[in-house]
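Reviewing the structure listed below.
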Amino acid sequence: MLDLKFVRENPQLVEEAMRNKGEEADLEEFLRLDEKRRSLLAKVEALKNKRNTVSRQIGELKRKGQDAQELLAQMKEVAEEIRLIDGAVREVEDKMQAILYYFPNIPDEDVPVGKDENDNVQVRSFGRPPEFSFTPKAHWELGESLGILDFPAAGKITGTRFALYRGAGARLERALINFMLDLHTKEHGYTEIFPPFLVHRHSMIGTGQLPKFAEDAFKVEGTDYYLIPTAEVPVTNLHREEILPGEALPIKYVAYSACFRAEAGAHGRDTRGLIRQHQFNKVELVKFVKPEDSSRELELLVADAEKVLQLLGLPYRVMLMCTGELGFAAAKKYDLEVWMPAYNTYREISSCSNFRDFQARRAGIRYRPDRGSKASYVHTLNGSGVAIGRTVAALLENYQQPDGSVLLPEVLAPYFGDDLLIKALSKR
RNA sequence: GGAUGGGUGGCCGAGUCUGGUUGAAGGCGGUGGUCUCGAAAACCACUGUGGAGUAACCCUCCACCGGAGGUUCGAAUCCUCUCCCAUCCGCCA
């Protein structure tokens, strides 16, 4: 959420941000309502002042046992007038709030202006796509022939866009979660959080999933609970409506969670494999930092996520997202894209964003720079560190052998077990 | 699910029965000062947030005692609804 005063004083910047991000909200109506609100406030506050003054007089008179009938009658009218204008003010404010929630965050100045993925800028890359002496198989083919991924079974139990992992597949998923959590806690200084997977509406609003993206979320019928689309939601809201001491910053959390996404509007895309699921696992990094540090902290966050892929030996590239790909709440975003042999291209495996004070304002997360000084909003950042399902897919495809087996990288041995070769079992 | 007790400023904690200078006693913490070679202690002063007016972080006014309504000239205080917390009982992984 943007600051009301910021919008009032910089309408052209808001306009520009909406244009570049491809977002829409009624800025003109908003500014008109703002004027109306202020004129109403001037009126009603003068009346309230009168009411307060006279009410005090009435109290005084009553205490002395004198008659206050005349003032009482007079104030009855004033009270009615106040009630009317207050109602009007609230109506205007509700409308303003509704629009304010729909203004996107302002992109950083170094974010390239662009429309779609073709305008993203590659920042750097790591590793080389492996060369195969055979035609590499897609991960779902490998997974099925190895007996470690069973999509038909998931379809039978639940439906499309769900996966069932079996045997070594299930163990690999679990191993990756632990590998990433250990890396970020032991090497990168994050504190591990295991959050609730269901949150209420205020949390969803706090991080920006609501009200605008309601159709992307799963809501539990008959309750006010939503299945989290990412651990970002519970973990960022951990400090909702709090004032953090300045010396506590930066705060760095890492959390594993299952993630649930309706994937509305993604019909027909990535229908096969692990790439796009209604439920997937993810290890998420979340930071709360001082405003002056957030640009640097984003770079560090990206580096922490990259470390995962480097250790796993997966080729990837770092992309700086253009304005059109930034998303609603982010001011700047890098995507990590991992090489997928069967797709013959790079696919997103991590998304690292700086939200500046956009989420913090919505969620009321502040800090006190020094003891005794005024509280102001923190900056929040988060990024996948990284998506587990897509990592499994990438490992299967990149480490596949001519005979259809998969040889996992050494670094996973402590988590997966010493036998890193996944072979097809003859059983059925 | 049933019963009871609670939610007040950065924190603790009065006030609610008996509505009226109560933005809210007192304490802690914080800031500034006196004292001191310096520090501690003691003492003094200051110390919430948001909004409107304004060139303005001076000032004036308005709002805020979990949240939303209501009664009233006037609500932290009375009424209704709701959320959360604690304890006990029941149920349960």
Side-chain angles (χ1 to χ4, degrees), chain A residues 1-10 30-101 194-206 210 219-220 222-226 234 237-249 251 258 288 357 360-378:
Chain A
M1 181 170 70
L2 295 176
D3 180 36
L4 165 66
K5 277 186 184 160
F6 176 86
V7 177
R8 184 187 298 154
E9 287 160 17
N10 306 281
F30 183 82
L31 294 173
R32 203 160 36 239
L33 288 167
D34 181 46
E35 298 245 346
K36 187 172 179 191
R37 167 172 175 272
R38 283 186 286 167
S39 82
L40 285 172
L41 277 181
K43 234 182 277 179
V44 78
E45 286 185 0
L47 286 172
K48 283 181 177 175
N49 185 14
K50 183 176 182 187
R51 179 183 69 184
N52 290 344
T53 310
V54 176
S55 288
R56 222 165 290 152
Q57 288 171 12
I58 292 174
E60 200 99 357
L61 288 175
K62 288 212 166 176
R63 210 166 317 121
K64 290 182 196 156
Q66 296 177 351
D67 178 60
Q69 277 311 110
E70 202 176 314
L71 288 176
L72 281 176
Q74 198 184 327
M75 281 305 99
K76 212 168 175 92
E77 283 176 36
V78 173
E80 186 52 34
E81 213 171 328
I82 288 174
R83 201 189 319 275
L84 244 78
I85 304 178
D86 262 346
V89 169
R90 203 168 65 193
E91 205 177 304
V92 168
E93 287 185 340
D94 285 350
K95 282 184 191 165
M96 287 177 72
Q97 187 59 253
I99 298 175
L100 195 55
Y101 274 139
F194 194 98
F197 292 179
L198 271 66
V199 297
H200 56 47
R201 127 186 338 272
H202 301 290
S203 292
M204 293 287 274
I205 289 173
L210 291 180
K219 187 176 189 194
V220 180
T223 72
D224 189 38
Y225 296 145
Y226 294 81
N237 279 282
L238 177 53
H239 293 299
R240 186 159 42 84
E241 305 297 335
E242 281 186 20
I243 300 175
L244 304 161
E247 61 268 25
L249 301 178
I251 295 173
F288 302 82
D357 62 4
R361 181 172 293 110
R362 269 171 109 108
I365 309 169
R366 294 177 294 171
Y367 79 109
R368 221 177 275 289
D370 301 290
R371 290 188 169 280
S373 67
K374 283 214 165 200
S376 53
Y377 291 108
V378 302

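It should be emphasised that the depicted structure is a prediction, and the values quoted were computed from it without experimental measurement. Lettering follows sequence order; numbering is per chain, from 1.
Of all non-hydrogen atoms in A/M96 and A/L33, the two that sit nearest each other are CG-CB, 3.5 Å.
Pairing for B/C88 goes to B/G2, judged as Watson-Crick or G-U wobble with the two contacts each under 3.5 Å. Across every strand in view, B/C81 sits in a pair with B/G67 that passes the Watson-Crick or G-U test at under 3.5 angstrom. With both pairing distances under 3.5 Å, B/G53 is matched to B/C59 as a Watson-Crick or G-U wobble pair. Pairing partner, B/A75: none, since no Watson-Crick or wobble contact has both distances short of 3.5 Å. The partner of B/A42, taking Watson-Crick or G-U wobble pairs whose two distances both stay under 3.5 Å, is B/U34. Under the Watson-Crick or G-U wobble criterion, with both distances below 3.5 Å, B/C28 is paired with B/G10.
A sub-4.0 Å separation between OP1 or OP2 of B/G74 and a side-chain N or O of A/N52 is absent. Under 4.0 angstrom from either OP1 or OP2 of B/U47 there lies no side-chain N or O belonging to A/R368. Contact annotation: A/K48 side-chain N/O to B/C62 OP1/OP2 distance is not under 4.0 Å.
One interatomic measurement links the two molecules: CG of A/D3 to P of B/G50, which rounds to 10 Å at whole-angstrom precision. Taking atom CG on A/D224 and atom P on B/A68, their separation rounds to 16 Å, with Å as the unit. As rounded to whole Å, 14 Å separates atom C1' of B/G51 from atom CG of A/L100.
Using C1' as the reference atom, B/U8 and B/A14 are 10 Å apart when rounded to the nearest Å. Nucleotides B/A52 and B/U47 place their P atoms 23 Å apart, quoted to the nearest Å.
The stretch residues 30-39 of chain A comes close to RNA chain B through A/R37, A/R38, each having a heavy atom under 4.0 Å from the strand.
Checking B/C73, B/A52, B/C62 against the side-chain heavy atoms of A/N49 singles out B/C62 as nearest. Relative to the side chain of A/R366, the nucleotides B/U49, B/G20, B/A52 differ in distance, and B/U49 lies closest. Of the candidate nucleotides B/U21, B/G10, B/G51, B/G51 has the atom lying nearest to any side-chain atom of A/L41. Taking only side-chain atoms of A/R8, from C-beta outward, the nucleotide of B/U21, B/C73, B/A52 with the closest atom is B/A52. For A/K5, taking side-chain heavy atoms from C-beta onward, the closest of the listed nucleotides B/C61, B/A52, B/A63 is B/A52. Of all nucleotides listed (B/A63, B/G20, B/G10), B/G20 comes nearest to the side chain of A/S55.
Side-chain contact between A/S376 and A/Y367: present, with at least one pair of heavy atoms (C-beta onward) separated by less than 4.5 Å. Annotation: side chain of A/R32 is not in contact with side chain of A/E35 (no heavy-atom distance under 4.5 Å).
Nearer to the 5' terminus of RNA chain B, by closest-nucleotide assignment, is the contact made by A/G59 (compared with the other of A/G59 and A/T53). The residue among A/E93 and A/I243 whose nearest nucleotide of RNA chain B lies closer to the 5′ end is A/I243.
The local environment of OH in A/Y225 is sparse, with at most 12 non-hydrogen atoms from other residues, nucleotides or ligands closer than 6.0 Å. More than 12 heavy atoms of other residues, nucleotides or ligands shown are found within 6.0 angstrom of CD on A/Q66.
Judged by atom type and distance alone, A/E45 does not reach the base of B/G53 through any side-chain donor-acceptor pair under 3.5 Å.
In summary, A/E45 and A/K48 do not engage in a salt bridge, as defined by a charged side-chain N under 4.0 Å from a carboxylate O.
Within 4.0 Å (heavy atoms only), A/R83 reaches sugar-phosphate atoms of the nucleic acid but no base atom.
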